[in-house]
Amino acid sequence: MSVYAHIVNEAPLPLWGLTSHERYRRLLEQTGVTAFVDDFASLDPGDTVLVLRGDYLLDPRLVGSLAKSPNVVLEAPASTSRLVVAAHVPAGLASQARALVSGDGAAQVRSSPALRVETPGTLASAFHEFLLKSEPPFVEPIRPDTQRALECRLFAGAYKGVTDLVTKWLWPVPARWATRLCVTLGLSPNQITAVSVILVIVAGALFAEGQYGWGLLAAWIMTFLDTVDGKLARVTVASSRLGNALDKNLDLIHPPLWYLLWGLGLTVFEPEIPGLSLERTLWAIMIGYVAGRLVEGAFLLWLGRFGIFCWRPIDSYFRLVTARRNPNLIVLTVSVVLGRPDLGLAGVAVWTVLSTLMLLGRLGLAVRARSACGPLRPWLADVATGADRSSLAARLFAERPPLR
């Protein structure tokens with residue numbers, strides 16, 4: 001048994017440089033569906049066909065769910081009725097499904113007892129586990145007057161809901177501009193990541209030389225590009241194992257190395273905190289950083305794949321400022337502006353230790369809750385299923401990106 005894809009009604013224009021056929025090809029490739037078919041007579045009886053309407057933009061989650069769910073017809077709201085935009089059917093029903101999805105008739109396929117009718121909300125969950133947010137899956141028509149709005153929606157959909165304050169509020173608009181420039185220039189996500197690697201090295205070398213101003217400039221540009229490469233990969237469906245591994249490992253390894261090199265570049269370390277030497281400061285940062293990451297990993301492994309920062313609203317708030325790279329860079333930047341880079345390093349050490357203690361406390365509470373009440377549930381999943389969206393936490397972390 002094999003799964004084939006077939007696209008009808010190609011869109012009249014590309015989104016983020018991709019035609020509908022190319023976008024669906026890349027999305028389906030991620031699910032293991034690599035074969036497209038035009039002649040249904042060549043299929044074996046046990047094969048299935050995924051028919052997609054190319055002049056509509058389907059949320060990537062819907063495409064993934066359809067690829068794994070045979071015997072499904074997907075309907076989406078239209079102006080005054082419901083429109084079939086996709087179907088995953090046995091090979092024997094492929095011709096009728098193509099007619100139905102393209103709008104040419106064959107309504108009997110929809111009523112077949114072997115098929116079930118789904119909507120975007122029933123086919124895929126609104127809680128996005130990987131991007132840590134609650135956003136209902138969407139289906140939208142692709143027209144010249146909606147092109148820019150749909151591109152903005154795809155970009156917003158590629159953004160994490162729970163992240164640090166810089167990534168959440170400072171980077172989105174310039175990152176969208178930069179992503180569009182990358183698409184125009186034909187740059188790949190891996191090329192942007194490669195530039196980030198170079199900037200990590202440049203920033204670290206400048207820190208070690210005590211050139212903190214220039215080092216911070218390189219570091220901030222790197223953090224910006226770290227946002228751009230991920231968004232570029234998602235809107236162009238160009239993720240790769242190499243890129244993902246490089247980006248993930250780079251994010252994990254370079255922050256503590258930066259702090260170490262920052263300390264090596266100091267000519268004076270006099271934070272006026274009793275008993276706090278440079279060596280102890282660096283040890284506190286290293287141990288606190290590793291311990292914090294281990295806590296996050298333990299939660300993912302044993303308590304919930306959604307991560308500790310999505311367990312309760314307080315955890316999502318804490319993620320905005322927890323001692324990760326960007327909040328720590330704010331501390332270091334302020335210290336350089338004040339002419340006291342040694343205080344910046346001491347501040348990073350204190351905040352790293354406090355953040356790790358907070359995470360340890362939350363992990364302990366999560367373990368107790370798991371023992372008393374069973375499997376943990378992310379609060380964003382409750383928002384996704386209809387809980388109150390008027391709270392400040394829901395507005396901040398469960399936002400639905402506007403079309404315009």
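- No donor-acceptor pair under 3.5 Å is formed between the side chain of Asp226 and the backbone N or O of Met222.
- Closest approach of Leu187 and Gln191 over heavy atoms only: CA-OE1, 3.3 Å.
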Between side-chain atoms of residues 199-215 and protein atoms elsewhere (two or more places apart, or another chain), which donor-acceptor pairs fall under 3.5 Å?
from: Tyr212; atom 1: OH; to: Trp262; atom 2: O; distance (Å): 2.8
from: Tyr212; atom 1: OH; to: Gly265; atom 2: O; distance (Å): 3.3
from: Tyr212; atom 1: OH; to: Leu266; atom 2: N; distance (Å): 3.0

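- Although no hydrogens or angles enter the test, the distance criterion places a donor-acceptor pair under 3.5 Å between the side chain of Ser69 and the main chain of Ser65.
- Applying the ring-ring contact (aromatic ring centres under 6.0 Å, His included) test to residues at least two apart or on different chains, the pairs with a partner in residues 28-48 are His6-Phe40, His21-Phe36.
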### Task
Verify side-chain contact (heavy atoms from CB on, under 4.5 Å) between Arg23 and Leu15, making sure each step is shown before the conclusion.
CA-CA 9 Å; Arg23 179 173 296 278; Leu15 297 175; 4.0 Å; yes

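- Looking only at side-chain heavy atoms (C-beta outward), Glu296 and Phe309 come within less than 4.5 Å of each other.
- Taken from OG in Ser335 to CG in Asp342, the straight-line distance is 8.0 Å, to the nearest 0.5 Å.
- Between Asp229 and Thr193, the side chains place a donor N or O and an acceptor N or O closer than 3.5 Å (distance only, hydrogens not considered).
- You'll find the side chain of Leu13 reaches within 4.5 Å of the side chain of Pro144, heavy atoms only.
- A donor-acceptor pair is defined here as one N or O able to donate and one able to accept, closer than 3.5 Å; no such pair exists between the side chain of Thr146 and the backbone of Ile142.
- The shortest side-chain heavy-atom distance between Leu343 and Leu338 does not fall under the 4.5 Å cut-off.
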Pair up each side-chain donor or acceptor in residues 52-61 with any protein partner under 3.5 Å, not counting sequence neighbours, and list the distances.
from: Arg53; atom 1: NE; to: Asp55; atom 2: OD1; distance (Å): 2.7
from: Arg53; atom 1: NE; to: Asp55; atom 2: OD2; distance (Å): 3.3
from: Arg53; atom 1: NH1; to: Val101; atom 2: O; distance (Å): 3.3
from: Arg53; atom 1: NH2; to: Asp55; atom 2: OD2; distance (Å): 3.4
from: Asp59; atom 1: OD1; to: Arg61; atom 2: N; distance (Å): 2.8
from: Asp59; atom 1: OD1; to: Arg61; atom 2: NE; distance (Å): 3.1
from: Asp59; atom 1: OD2; to: Arg61; atom 2: NH2; distance (Å): 3.0
from: Arg61; atom 1: NH1; to: Ser125; atom 2: O; distance (Å): 3.0
from: Arg61; atom 1: NH1; to: Ala126; atom 2: O; distance (Å): 3.3
from: Arg61; atom 1: NH1; to: Glu135; atom 2: O; distance (Å): 3.0
from: Arg61; atom 1: NH2; to: Glu135; atom 2: O; distance (Å): 2.7

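- Side-chain contact between Thr223 and Val166: absent, with no pair of heavy atoms (C-beta onward) separated by less than 4.5 Å.
- More than 12 heavy-atom neighbours from other residues, nucleotides or ligands sit within 6.0 angstrom of CG on Leu165.
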### Query
side-chain contact (heavy atoms from CB on, under 4.5 Å) between Val63 and Leu66: does it pass, once the steps are laid out?
CA-CA 5 Å; Val63 177; Leu66 280 167; 5.7 Å; no

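- Using modelled atom types, no side-chain atom of Arg370 and backbone atom of Leu303 make a donor-acceptor pair closer than 3.5 Å.
- In this structure, Trp177 CH2 and Phe155 CZ are separated by 11.5 Å, a value rounded to the nearest 0.5 Å.
- With contacts defined as side-chain heavy-atom distances shorter than 4.5 Å, the pair Ile308/Leu359 qualifies.
- At least one side-chain heavy atom of Ser95 sits less than 4.5 Å from a side-chain heavy atom of Arg98.
- Using cut-offs of 30° and 60° on the angle between ring planes, the pair His254 and Trp258 is perpendicular.
- The pair Arg176-Glu151 does not meet the salt-bridge criterion, since no charged nitrogen lies less than 4.0 angstrom from a carboxylate oxygen.
- Checked against the 6.0 Å centroid criterion, the rings of Phe306 and Phe130 do not qualify as a close aromatic pair.
- Closest non-hydrogen pair, Cys310 versus Val162, comes out as SG-CG2, 4.0 Å.
- The shortest non-hydrogen separation linking Lys160 to Thr163 is O-CG2, 4.2 Å.
- Distance check: Asp251 CG to Asp247 CG gives 4.5 Å after rounding to the nearest 0.5 Å.
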### Message
Between Trp16 and Arg180, is the side-chain contact (heavy atoms from CB on, under 4.5 Å) condition met? List the steps.
### Response
CA-CA 7 Å; Trp16 289 109; Arg180 191 174 300 281; 3.8 Å; yes

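- Phe397 does not carry Lys133 over the face of its six-membered ring by the limits of under 6.0 Å from the centre and within 45° of the normal.
- Here the straight-line distance linking atom CZ of Arg234 with atom CG of Leu131 works out to 5.0 Å at 0.5 Å rounding.
- With Thr31 contributing its side chain and Leu28 its backbone, the two residues share a donor-acceptor pair below 3.5 Å.
- When all heavy atoms of Pro271 and Leu276 are compared, the closest pair comes out as CG-O, 4.0 Å.
- Between Trp351 and Phe318, the angle of the ring planes goes over 60°, which puts this pair in the perpendicular group of the 30/60° scheme.
- At least one donor-acceptor pair under 3.5 Å links the side chain of Lys168 to the backbone N or O of Gly161.
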### Message
One pair to check against side-chain contact (heavy atoms from CB on, under 4.5 Å): Leu74 and Val84. What are the steps and the verdict?
### Response
CA-CA 6 Å; Leu74 177 63; Val84 176; over 6 Å; no

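- For the pair Gln147 (side chain) and Pro14 (backbone), a donor-acceptor distance under 3.5 Å is present.
- At least one donor-acceptor pair closer than 3.5 Å links the side chain of Asp315 to the backbone N or O of Arg312.
- Pro189 approaches Leu232 most closely through the heavy-atom pair N-CD2, 3.6 Å.
- Checked by atom type, the side-chain pair Ser316/Trp311 shows no donor-acceptor distance below 3.5 Å.
- With contacts defined as side-chain heavy-atom distances shorter than 4.5 Å, the pair Phe269/Thr281 qualifies.
- Between Asp164 and Thr167, the side chains place a donor N or O and an acceptor N or O closer than 3.5 Å (distance only, hydrogens not considered).
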Donor-acceptor list for residues 282-289 side chains, cut-off 3.5 Å, not counting sequence neighbours:
from: Tyr289; atom 1: OH; to: Leu252; atom 2: O; distance (Å): 2.6
from: Tyr289; atom 1: OH; to: Arg293; atom 2: NE; distance (Å): 3.4

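- For Thr352 and Ser355, the side-chain atoms include no donor-acceptor pair closer than 3.5 Å.
- A heavy-atom distance below 4.5 Å is not found between the side chains of Leu115 and Val72.
- Under the ring pair (Phe, Tyr, Trp, His ring centres under 6.0 Å) criterion, Phe224 pairs with Trp171, not counting sequence neighbours.
- The backbone N or O of Pro255 lies less than 3.5 Å from no partner atom in the side chain of Arg325, so there is not a single donor-acceptor pair.
- Within the 3.5 Å criterion, the main-chain N or O of Asp44 finds a donor-acceptor partner in the side chain of Asp47.
- With sequence neighbours excluded, the residues that form a side chain to side chain donor-acceptor pair (under 3.5 Å) with Tyr259 are Asn328.
- Between His128 and Ser134, the side chains place no donor N or O within less than 3.5 Å of an acceptor N or O (distance only, hydrogens not considered).
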### Task
Test Glu29 against Arg26 for salt bridge (charged side-chain N to carboxylate O under 4.0 Å, His left out), laying out the working first.
CA-CA 5 Å; Glu29 193 174 70; Arg26 295 185 183 187; over 6 Å; no

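- Closest non-hydrogen pair, Leu62 versus Ala124, comes out as CD2-CB, 3.8 Å.
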